[in-house]
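Worksheet: the structure to be examined is printed underneath.
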Amino acid sequence: MSLSWQSKLIHPQARAPEGFQSLATPTYRGSTTLFSSAGRVLDHWDQQQAPYSYGLYGTPTSLELGARIAELEGGRHCFLTPGGQAAISLIGLSLLSAGGHVLIPDNAYGPNREFADRVLARLGVDAEYYPPLLGAGIAERLRPNTQLVWCENPGSVSMEVQDVPAIAAAAHAVGLPVALDNTYAAGVLFDAFGHGVDITMQALTKYVGGHSDLLLGSVTVRDRALYERIGDTHQLLGMGVSPDDCSLALRGLQTLGVRLAQLQASTLEVAHWLAARADVERVLHPALPGSPGHEIWRRDFSGSASVFSALFRPELSVDAIVRALDRLQLFKIGYSWGGVTSLVMPFFGLRRDHGAPGRNLVRFNIGLESPQDLLADLRQAFADLAD
Ligand SMILES: *Cc1c(COP(=O)(O)O)cnc(C)c1O
């Protein structure tokens, strides 16, 4: 067929030579994916059952990222979501139904709680917040209508390390699944499935992305029935992800090992330095003795990451702490963590149902700057904190 130039724009005959083999995964963009015959048309999200049928259900770029997250976490299947919060809501909307009950640790990521209070409640699901360190005591909280138990290890901001195996054993004794927010461990510093978890999620936004320039989340399972339940909901909620973000996350994975090793070392240096200061009452870092759940961290984790909190002495005024934080040069003030830049975030008056950690809490995220420079920055900013 001889084509006009307008049609050639859409149906070119020109082609690049074949045979290029890059080390990088190609970034496939596509909503439509083609069928080889009208007789082969079908529509299913699961490429294990059917060939590619629609871009929303995954492209080779997103499916490779998912497969690699599942491989690292020791799961079998991984779904990608537009962010970590979407991963949390996907798990809830997949497994909870009206009349049900969900147990969430009191120190869970804030929007996890808000999703339960503002969305799940509207759908008739009752959320209960339990003390994160109760371990096997979770058994007493399980009700006949409980449908899911959440864990987060360590918990957001107050950093308690949970006895996940004990919680999982109690939940499994009555046939309940356990979901874990495994963001802190980047899916690698804590073996979630090995410790009894059934569903893990991560904000890939944090360590896998690693450069504060993308938003992505993941939900990983081993069990086939959970895979089908979550996959179905994932499709029907329309949780598509950008292939460009997936490509950046695939690149992030390549340096995750060296970044985590450096971040662990630098973070411990800063955390110990802060713990030794007179104006700091306590440092909440899982690898520091005395931090809540430290013994469990030693038992269950293979390393620590870049985020921790410091409690400044209660008699210091919030204004004095704000002035000190504003004097920081290298540390920036902003949410999120796991990137290359050091951050601080005040959580003054952080509320917890089960014991508030203290009024003057500041969360630190350590980046890839030289730890000597970070300490110098903290030293100058906090020099006259007491004034
Ligand atoms: C950041 C974070 C999330 C949410 O991730 P987003 O990608 O920002 O939606 C969930 N859980 C934890 C523990 C987080 O720190």
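Read the numbers this way: they start at 1 and go in the same order the structure lists the ligands and their atoms.
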Quiz item: Is the shortest distance from a heavy atom of Glu152 to ligand 1 less than 4.0 Å?
Solution: yes
Quiz item: Are the side chain of Asp106 and the backbone N or O of Arg352 linked by a donor-acceptor pair below 3.5 Å?
Solution: no
Self-check item: Heavy-atom gap Trp337 to ligand 1 smaller than 4.0 Å
Solution: yes
Self-check item: Main-chain N/O of Gly58 paired to Ser62 side chain as donor or acceptor, under 3.5 Å
Solution: no
Quiz item: Are the charged groups of Glu295 and Arg299 less than 4.0 angstrom apart, N to O?
Solution: no
Self-check item: Side-chain donor-acceptor pair present, Asp319, Ser317, cut-off under 3.5 Å
Solution: no
Self-check item: Numbered atoms of ligand 1 (with element) below 4.0 Å of Gly84, judged on heavy atoms
Solution: 4 (C), 5 (O), 6 (P), 7 (O), 9 (O)
Self-check item: Closest approach of any protein heavy atom to atom 2 (C) of ligand 1, naming residue and atom
Solution: Lys206 NZ, 2.4 Å
Quiz prompt | atom 7 (O) of ligand 1 [closest protein heavy-atom partner, distance rounded to 0.1 Å] | solution = Thr205 OG1, 2.6 Å
Self-check item: Gln162 side chain to Glu152 backbone, donor-acceptor under 3.5 Å
Solution: yes
Quiz item: When you check the side-chain N and O atoms of Asp43 and Tyr57, is any donor under 3.5 Å from an acceptor?
Solution: yes
Self-check item: Which of the ligand 1 atoms, numbered from 1, are nearer than 4.0 Å to a heavy atom of Gln85
Solution: 4 (C), 5 (O), 6 (P), 9 (O)
Quiz item: Of the protein's non-hydrogen atoms, which lies at the shortest distance from atom 13 (C) of ligand 1, and what is that distance?
Solution: Asp181 OD2, 3.3 Å
